[in-house]
Amino acid sequence: MKLKAWGANNYGQLGVGFISEQCNCPTNVNLDLNDVALISGGGGHTIIFDKHGRLYGCGLNNYNQLTPRHTNNISAFEELDFIASPTGASITCGWESTLLLNKDGLNVWGSNSYGQLGLKKDKRRKSISPTYLPISRVSQVSCGLRHTAVLLDSGDLYMCGQGRKGQLGVIQNGAPLLESDELLHVSDLSNVKSVACGQNHTIALTGDGCIYGWGDNKHRQLGMSSVSSSAASPIKIASEVPVSTKLYAGWTHSVLLKDDGSMMCFGRNCYGQLGNGMTQDDSWMNYKVEMLPPVRQLAVGSEHNIALSETGSVLSWGWNEHGSCGLNHQDNVHHPTQVQFSNDAVLIGSGSAHSFAVLTD
């Protein structure tokens, strides 16, 4: 297997062995790959998790979101062996934090400046080394800029972090909860199947095929037609959605990926992140992404998207100021465009403005 990386690299988050403003086209990463299972990136750091339970990290380490050993940035992937990560675990990167979910529970480390790790902020503005959260039967974790969603296999959803735009979905004393450094139950929702956090908004899919959204709607990222409307608690924005649909959220746009490989987008479109190729206007309507073959996997950055087709091709669109679309230029991309590789891809991943693809030999 070969690993390719492109996009922002100002902290070494591409793992290519040097720090630069960006790499505009896919660049080789010198890493001995062993069955990569997952690639997750934050604002300036990247974690790779393989099928044997090994973790590798690179990039920004200012809050020890990579490793407790030092605070320097890391420009090449190094193994993170300070925590046991058995097979079947998964990694989620927040902006400056990392969350490891395995069968034993949830471990968190990195920035806790807004309580986004679910730890008491007055005691820990950051967690230098992994800290176990006493919450069991977690099925999914999603991170926004400064808030976190934790979904249990019972369908109960818990939130923590900043909520100034209503993104926590919790009301206290008749007003949105502005911040929480403990996980709080979103009591207005039940039977939640999946969740995705954007910059200041959250979307969730329930078992009866409904999608709910809450938080900021300035760019219609909640699927609500009025740009002045935000939601401090969950609002139904769609129904009759297959429960197998996968949810994704960029900073200010939302994406639905269906089983048939088709994709629907809504929200901000100034960089072309909706992929409709026709307009830069924001949209509250579900735009089907045209000129896109059936998609096997999707990775969503802050304002760009990377799609892996069923045939092994990789396509990208959206914000490209730092070369995050991998097309050897820095113009924004308004419709899905193929990233050129000599081999098929089998896995993709992204951070805020950086991207990855694992290729066959």
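Heavy atoms only: backbone and side chains are in, while hydrogens, waters and symmetry mates are out.
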Is the closest side-chain donor-acceptor distance between Asp344 and Thr360 under 3.5 Å?
-> no
Would you check if Phe82 and Ser129 make a side-chain contact, meaning some heavy-atom pair closer than 4.5 Å?
-> no
Heavy-atom check, side chain of Asn320 versus side chain of Tyr271, under 4.5 Å | no
Do Ser85 side-chain atoms and Gly53 backbone N/O form a donor-acceptor pair below 3.5 Å?
-> yes
From Glu321 atom CD to Gln22 atom CD, the distance as rounded to the nearest 0.5 Å = 8.5 Å
Exam field: side chain Tyr132 to backbone Asp104, donor-acceptor pair closer than 3.5 Å = yes
Kindly indicate whether the side chain of His147, heavy atoms from C-beta on, has any atom under 4.5 Å from the side chain of Gln167.
-> yes
ILVMFWY cluster, Trp317 and Phe341 together (side-chain gap under 4.5 Å) = yes
Does OH belonging to Tyr11 count more than 12 external heavy atoms closer than 6.0 Å?
-> no
Note: Ser324 and Ile306 closest approach over all heavy atoms is O-CD1, 4.0 Å
Is there a donor-acceptor pair under 3.5 Å between the side chain of Gln140 and the backbone N or O of Val195?
-> yes
Glu182 and Met159: side-chain contact (heavy atoms from CB on, under 4.5 Å), yes or no, with the steps?
-> CA-CA 8 Å; Glu182 62 178 321; Met159 309 286 297; over 6 Å; no
Side chains of His52 and Asp35: donor-acceptor distance under 3.5 Å anywhere?
-> yes
Examine distances only and state if a side-chain atom of Ser350 and a backbone atom of His354 form a donor-acceptor pair shorter than 3.5 Å.
-> no
Heavy-atom closest pair, residues Ala249 and Gly198 | CB-N, 3.6 Å
Greater than 12 external heavy atoms within 6.0 Å of Tyr63's OH | no
How about His185 and Asp156: do any of their side-chain heavy atoms sit closer than 4.5 Å?
-> yes
Under 3.5 Å, is there a donor-acceptor pair linking the side chains of His334 and Asn276?
-> no
Is Ile83 close to Trp109 at the side-chain level, that is, under 4.5 Å between some pair of heavy atoms?
-> yes
Any donor and acceptor pair, going by atom type alone, linking the side chain of Ser302 with main-chain N or O of Ser352 inside 3.5 Å?
-> yes
Output for pair (Ser40 OG, Leu38 CG), nearest 0.5 Å, gives 6.0 Å
So, Asn305 side chain and Ala299 main chain: donor-acceptor pair closer than 3.5 Å or not?
-> no
Verify whether one side chain among Glu303 and Thr252 offers a donor that lies under 3.5 Å from an acceptor in the other.
-> yes
Under a 4.0 Å N-O cut-off, is there an ion pair linking Glu179 with Lys121?
-> yes
Test Leu80 against Ile47 for side-chain contact (heavy atoms from CB on, under 4.5 Å), laying out the working first.
-> CA-CA 9 Å; Leu80 310 179; Ile47 304 286; 3.6 Å; yes
Which atoms form the tightest heavy-atom contact between Gln13 and Thr46, and what is the distance?
-> O-OG1, 2.7 Å
Is atom NZ of Lys126 surrounded by more than 12 heavy atoms (other residues, nucleotides or ligands) closer than 6.0 Å?
-> yes
Gap separating the CD atom of Gln338 from the CG atom of Leu327, nearest 0.5 angstrom | 10.0 Å
For Asp153, look at atom CG and say whether over 12 heavy atoms of other residues, nucleotides or ligands are found less than 6.0 Å away.
-> yes
Close side-chain approach of Leu106 to Leu99, heavy-atom, < 4.5 Å = yes
Are the ring centres of Trp319 and Trp251 closer than 6.0 Å?
-> no
Show your working on side-chain hydrogen bond (donor to acceptor under 3.5 Å, both in side chains) between Asp216 and Ser230 and close with a plain yes or no.
-> CA-CA 5 Å; Asp216 189 20; Ser230 59; 5.9 Å; no
Where do His322 and Gln330 land on the side-chain contact (heavy atoms from CB on, under 4.5 Å) test, with the steps shown first?
-> CA-CA 6 Å; His322 299 287; Gln330 291 175 259; 5.8 Å; no
Under 3.5 Å, is there a donor-acceptor pair between the side chain of Asp50 and the main chain of Leu55?
-> no
Please examine the side chains of His253 and His219, heavy atoms only from C-beta on, and report whether any two atoms are closer than 4.5 Å.
-> no
Donor-acceptor pair, side chain of Ser111 and main chain of Glu96, under 3.5 angstrom = no
Spatial distance of atom CG (Leu117) from atom CZ (Arg125) [nearest 0.5 Å] | 11.5 Å
Compute whether any side-chain donor of one residue and acceptor of the other, for Asn28 and Lys4, lie under 3.5 angstrom apart.
-> yes
Give a yes or no on whether Arg137 atom CZ has more than 12 heavy-atom contacts from other residues, nucleotides or ligands under 6.0 Å away.
-> no
Just by modelled atom types, is the Gly110 backbone N or O under 3.5 Å from a matching donor or acceptor in the Asn64 side chain?
-> no
Can you check whether Leu3 reaches Ile39 side chain to side chain, under 4.5 Å on heavy atoms?
-> yes
For Asn9 and Cys23, indicate whether the former's side chain and the latter's backbone hold a donor-acceptor pair under 3.5 Å.
-> no
Step-by-step side-chain hydrogen bond (donor to acceptor under 3.5 Å, both in side chains) determination, His304 to Ser355 | CA-CA 9 Å; His304 79 289; Ser355 311; 2.9 Å; yes
